[in-house]
Amino acid sequence: MKITSVRCFHVEGPPREGLALYEIPRGGMAPHEVSPYRTTFTEIETDAGLVGLSNGGSLEVVALGQELIGHDPVAVEAIWDRLYSGAYNRLGRLKPLAMLDLALWDLLGKLRGEPVYRLLGGPCQERLRAYAGMLGFSVEPEAAARRSAEWVAKGFTALKWYLAYNQADGQEGLRQNVALVRAVREAVGDDVDIMVDCILSGSQGNSLLYARELARRLEPYHPAWLEEPLHNDDLDAYRMLAQSTSIPLAVGERWQSRWQIKALLDSGAPSVLQPDPNGAGGITEMVKIMTLASAYGLPVVPHANESCRNAVHLLFAQPPRTCPLGEWGVKINHNIQWFYQDFYEPVEGYFPLPDGPGFGYALDPGKIVATREISL
């Protein structure tokens with residue numbers, strides 16, 4: 001079997017509705033904007049008629065994918081190593097390689113007739129605890145409290161809320177951040193984990209002084225972790241922050257490859273690692289990252305907004321001490337998964353074992369109203 005083509009394409013669906021609508025701005029979208037569903041996919045085709053699929057894609061992916069033509073798609077490790085040797089230096093990042101690697105694993109699962117987690121040696125868990133990522137819900141404290149109680153009633157024992165303000169917003173922004181976490185804690189009680197994500201507030205501009213003060217004010221509400229409160233290059237600042245707060249730090253969304261992750265681990269800053277399969281090199285590299293993290297005793301909870309259905313296979317193939325829970329981006333999944341034939345989601349707060357070969361998803365042509373190829 002040989003790879004015959006690699007293609008990336010934009011797809012568009014009908015106007016968004018229901019949980020797909022955002023209540024606060026994100027990515028240039030206005031609140032409650034009824035715009036069409038839009039996303040991008042990558043496909044790797046073979047002369048045997050099998051096709052591997054991954055979410056995401058770009059002109060860089062198409063260009064890099066041409067190097068796969070004529071090669072055996074089963075040789076995933078050899079392909080990754082060869083592409084990394086040239087592509088990383090040429091492109092400066094791993095995301096294009098990651099898109100191709102994910103599609104190759106989907107293809108391999110279809111060839112074997114098994115889900116990816118079985119190809120990785122799983123399952124190590126029969127079900128996996130999920131936390132509800134509340135990105136896109138209103139962060140007004142009373143509204144967030146109501147939403148939190150609603151999702152706890154659905155069976156979730158962990159929620160992640162996204163702070164709206166950073167250092168540039170001064171003391172009033174800091175008070176608003178604390179008010180959000182306080183309201184959620186009061187709504188759900190002490191037995192529900194609350195994760196606090198800083199990245200969308202513009203935390204890349206925060207100083208260590210601000211991050212320390214934020215952490216100090218949040219400590220009474222016992223967050224399960226504080227995510228990305230500083231610039232990703234500030235490893236010394238992260239280390240000093242970790243030494244000055246009782247709140248575990250979650251870091252890694254913007255780090256790529258086992259080498260960058262090792263530098264993060266050696267800093268002693270994180271308590272939770274969050275590399276994303278879509279950015280850190282796909283399944284092939286994420287397996288190595290998880291092995292590395294296990295040697296340091298750190299759990300890996302991948303950032304998995306767009307990559308949820310890829311990441312859960314990695315999680316099910318690892319023991320709970322390495323992968324104790326997974327991310328469920330509520331609104332994001334109601335967008336990303338729109339184009340699939342099925343909808344995979346947690347049941348009463350836990351991910352079930354995924355069905356089907358590969359990653360278990362397939363596009364539904366009936367949901368696509370327009371397609372546009374990304375061509376060289």
Asks: What pair of heavy atoms forms the shortest contact from Leu128 to Cys323, and how long is it?
Replies: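 Distance-wise, the nearest heavy atoms are CD1-O, 3.7 Å.
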Asks: Could you name each residue pair satisfying salt bridge (charged side-chain N to carboxylate O under 4.0 Å, His left out) that touches residues 119-141, not counting sequence neighbours?
Replies: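 Every salt bridge (charged side-chain N to carboxylate O under 4.0 Å, His left out) pair that includes a residue of residues 119-141, provided the two are not neighbours, is Arg129-Asp193.
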Asks: Do Thr4 and Glu45 pair up side chain to side chain, a donor and an acceptor below 3.5 Å, judged on atom types alone?
Replies: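 Judged by distance alone, the side chains do not pair up.
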Asks: If I take atom CD1 from residue Ile194 and atom CG from residue Leu218, how far apart are they, to the nearest 0.5 angstrom?
Replies: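 The distance works out to 10.0 Å.
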Asks: To the nearest 0.5 Å, how far apart are OG in Ser271 and CD1 in Ile247?
Replies: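 Between atom OG of Ser271 and atom CD1 of Ile247 there are 11.0 Å.
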Asks: Can you find a pair of side-chain heavy atoms, one from Tyr210 and one from Leu174, that are under 4.5 Å apart?
Replies: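 Side chain of Tyr210 against side chain of Leu174, heavy atoms only: contact under 4.5 Å found.
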Asks: If two hydrophobic side chains count as joined below 4.5 Å and joins carry through other members, does Phe9 share a cluster with Met99?
Replies: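 Yes.
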Asks: Does any pair with a residue in residues 95-136 pass ring-ring contact (aromatic ring centres under 6.0 Å, His included), and if so which ones, sequence neighbours excluded?
Replies: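 Listed once each, the pairs are Tyr117-His313, Tyr131-Trp225.
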Asks: Mind running side-chain contact (heavy atoms from CB on, under 4.5 Å) on Glu345 and Phe343 for me, showing each step along the way?
Replies: CA-CA 6 Å; Glu345 62 182 325; Phe343 188 76; 3.6 Å; yes
Asks: How many angstroms lie between CD in Glu12 and OG1 in Thr40, if you round to the nearest 0.5 Å?
Replies: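 Rounded to the nearest 0.5 Å, the CD-OG1 separation comes to 11.5 Å.
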Asks: Find the distance between OG1 (Thr42) and CG (Asn55) and round it off to the nearest 0.5 Å.
Replies: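 Reported to 0.5 Å precision, the distance equals 8.5 Å.
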Asks: Please give me the minimum heavy-atom distance between Asp106 and Pro357, naming the atom from each residue.
Replies: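 Minimum heavy-atom separation between Asp106 and Pro357: OD1-O, 4.3 Å.
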Asks: What distance separates Leu208 CG from Asp234 CG, expressed to the nearest 0.5 Å?
Replies: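 Taking CG in Leu208 and CG in Asp234, the distance rounds to 8.5 Å.
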Asks: Taking the side chain as everything from C-beta on, heavy atoms only, tell me whether Val51 gets closer than 4.5 Å to Leu107.
Replies: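 Sidechains of Leu107 and Val51: no contact.
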Asks: Tell me which pairs pass ring-ring contact (aromatic ring centres under 6.0 Å, His included) where either residue lies in residues 258-303, with sequence neighbours left out.
Replies: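 Matches after skipping sequence neighbours: Tyr84-Trp259.
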Asks: With a 4.5 Å cut-off on side-chain heavy atoms, are Lys95 and Glu60 touching?
Replies: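 Answer no - side chains too far apart.
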Asks: In terms of hydrophobic clusters joined by side-chain contacts under 4.5 Å, are Val62 and Val11 together?
Replies: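 No.
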Asks: Taking only residues at least two apart or on different chains, which pairs with a member in residues 219-230 satisfy salt bridge (charged side-chain N to carboxylate O under 4.0 Å, His left out)?
Replies: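 Only Lys160-Glu227 qualify under salt bridge (charged side-chain N to carboxylate O under 4.0 Å, His left out).
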Asks: Check step by step if side-chain contact (heavy atoms from CB on, under 4.5 Å) holds for Val196 and Leu180.
Replies: CA-CA 10 Å; Val196 179; Leu180 166 65; over 6 Å; no
Asks: For residues 227-255, which residue pairs qualify under ring-ring contact (aromatic ring centres under 6.0 Å, His included), counting only residues two or more places apart or in two chains?
Replies: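 The answer is none; no pair qualifies.
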Asks: According to the ring-ring contact (aromatic ring centres under 6.0 Å, His included) rule, which pairs have a member within residues 159-203, sequence neighbours left out?
Replies: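 Passing the test, one end in residues 159-203: no pairs.
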Asks: Between atom CE of Met1 and atom CG of Asp72, what is the distance when rounded to the nearest 0.5 Å?
Replies: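 If we round to the nearest 0.5 Å, Met1:CE and Asp72:CG are 6.5 Å apart.
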Asks: Is Arg217 paired with Glu213 through a side-chain N to carboxylate O contact shorter than 4.0 Å?
Replies: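 Yes, this pair counts.
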Asks: Pairing donors with acceptors under 3.5 angstrom, does anything connect the side chains of Ser203 and Asn166?
Replies: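 The answer is no; no qualifying pair exists.
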Asks: With a 4.5 Å cut-off on side-chain heavy atoms, are Lys2 and Thr46 touching?
Replies: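 Thr46 vs Lys2: side chains apart.
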Asks: Got a salt bridge between Arg82 and Glu77, using NZ or NE/NH1/NH2 to carboxylate O under 4.0 Å?
Replies: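 Not counted as a salt bridge, because no side-chain N and carboxylate O are separated by less than 4.0 Å.
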Asks: Name all pairs fulfilling the side chain to side chain donor-acceptor pair (under 3.5 Å) condition that reach into residues 358-376, sequence neighbours left out, sorted by first residue then second.
Replies: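 Only Arg7-Glu373, His10-Arg372, Asn310-Tyr361 qualify under side chain to side chain donor-acceptor pair (under 3.5 Å).
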Asks: Over all heavy atoms of both residues, which pair between Pro270 and Leu298 is shortest? Give the atoms and the distance, please.
Replies: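 Shortest heavy-atom contact: O-CD2, 3.3 Å.
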Asks: Any side-chain heavy atom of Gln125 within less than 4.5 Å of one from Pro320?
Replies: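 Yes, close enough: below the 4.5 Å cut-off.
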Asks: Backbone N or O of Leu241 within a donor-acceptor pair of the Thr245 side chain at under 3.5 Å?
Replies: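 Such a contact is absent between Thr245 side chain and Leu241 backbone.
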Asks: If Ile, Leu, Val, Met, Phe, Trp and Tyr residues are connected whenever their side-chain heavy atoms lie under 4.5 Å apart, and connections chain through other members, are Ile44 and Leu53 in the same group?
Replies: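 They do share one cluster, since a chain of ILVMFWY contacts under 4.5 Å joins Ile44 to Leu53.
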Asks: Check for a donor-acceptor pair, side chain of Gln256 on one end and backbone N or O of Ala280 on the other, with a separation under 3.5 Å.
Replies: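 No; judged by distance alone, with no hydrogens or angles, the pair does not exist.
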Asks: According to a hydrophobic-cluster definition based on side-chain heavy atoms being under 4.5 Å apart (Ile, Leu, Val, Met, Phe, Trp, Tyr only), do Met195 and Leu200 belong together?
Replies: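 Different clusters: Met195 never reaches Leu200 through Ile, Leu, Val, Met, Phe, Trp or Tyr contacts under 4.5 Å.
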Asks: Does the side chain of Leu64 reach to within under 4.5 Å of the side chain of Val6, using non-hydrogen atoms?
Replies: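 They are not in contact (no side-chain heavy atoms under 4.5 Å apart), so the answer is no.
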Asks: Decide yes or no for Leu226 and Cys198: does some side-chain heavy atom of the first lie under 4.5 Å from some side-chain heavy atom of the second?
Replies: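 SC-SC contact between Leu226 and Cys198 confirmed.
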Asks: Which residues pass the ring pair (Phe, Tyr, Trp, His ring centres under 6.0 Å) test with Tyr37, sequence neighbours left out?
Replies: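 Tyr37: ring pair (Phe, Tyr, Trp, His ring centres under 6.0 Å) contacts with Trp338.
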Asks: So Phe137 and Val330, do their side chains get closer than 4.5 Å, heavy atoms only?
Replies: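 Side-chain contact under 4.5 Å: yes.
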Asks: Counting only heavy atoms from other residues, nucleotides and ligands, does the tally under 6.0 Å from CD of Gln341 exceed 12?
Replies: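 Yes, the 6.0 Å shell around CD holds more than 12 heavy atoms from other groups.
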Asks: Looking at every heavy atom in both Ile336 and Tyr340, which two are closest together, and how far apart are they?
Replies: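 That closest heavy-atom pairing would be O-CE1, 4.1 Å.
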Asks: Step by step, work out the side-chain contact (heavy atoms from CB on, under 4.5 Å) result for Leu163 and Asp197.
Replies: CA-CA 6 Å; Leu163 301 186; Asp197 193 329; over 6 Å; no
Asks: With sequence neighbours left out, write down each residue that passes side-chain hydrogen bond (donor to acceptor under 3.5 Å, both in side chains) with Gln337, or none if nothing qualifies.
Replies: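 Gln337: side-chain hydrogen bond (donor to acceptor under 3.5 Å, both in side chains) contacts with Arg309, Asn333.
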Asks: Test: salt bridge (charged side-chain N to carboxylate O under 4.0 Å, His left out). Region: residues 174-185. Which pairs qualify, not counting sequence neighbours?
Replies: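 Listed once each, the pairs are Glu172-Arg175.
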Asks: Is there a donor-acceptor contact under 3.5 Å from the side chain of Asn305 to the main chain of Gly329?
Replies: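 Absent.
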Asks: In chain order, what residues pass the side-chain contact (heavy atoms from CB on, under 4.5 Å) check against Pro302, with sequence neighbours excluded?
Replies: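 With sequence neighbours excluded, Pro302 shows a side-chain contact (heavy atoms from CB on, under 4.5 Å) to Pro277, Met286, Met290, Val300, Ala311, Leu315, given in chain and number order.
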Asks: May I ask you to check whether Arg212 and Ser244 show a side-chain donor-acceptor distance below 3.5 Å?
Replies: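 Judged by distance alone, the side chains do pair up.
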Asks: Any idea which heavy atoms bring Ile332 and Leu135 closest together, and the distance?
Replies: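 That would be CD1-CD2, 3.7 Å.
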Asks: Assess whether atom CG of Leu209 is packed by more than 12 heavy atoms of other residues, nucleotides or ligands within 6.0 Å.
Replies: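 No, because the 6.0 Å sphere around CG of Leu209 holds 12 heavy atoms or fewer from other groups.
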Asks: Step by step, work out the side-chain contact (heavy atoms from CB on, under 4.5 Å) result for Val301 and Leu273.
Replies: CA-CA 6 Å; Val301 184; Leu273 284 180; over 6 Å; no
Asks: If you compare all heavy atoms of Leu230 against all heavy atoms of Asn206, which two are closest, and at what distance to 0.1 Å?
Replies: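 Here Leu230 and Asn206 meet closest at CD2-O, 3.6 Å.
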Asks: Has Tyr344 got a side-chain atom pairing as donor or acceptor with Pro352's backbone, closer than 3.5 angstrom?
Replies: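 Yes: the side chain of Tyr344 pairs with the backbone of Pro352.
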Asks: In the single-linkage hydrophobic clustering (I, L, V, M, F, W, Y; side-chain heavy atoms under 4.5 Å), do Leu376 and Ile69 co-cluster?
Replies: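 Different clusters: Leu376 never reaches Ile69 through Ile, Leu, Val, Met, Phe, Trp or Tyr contacts under 4.5 Å.
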Asks: Do any pairs count as a salt bridge (charged side-chain N to carboxylate O under 4.0 Å, His left out) and have a residue in residues 251-271, sequence neighbours left out, and if so which ones?
Replies: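 Passing the test, one end in residues 251-271: Arg258-Glu285, Lys262-Asp266.
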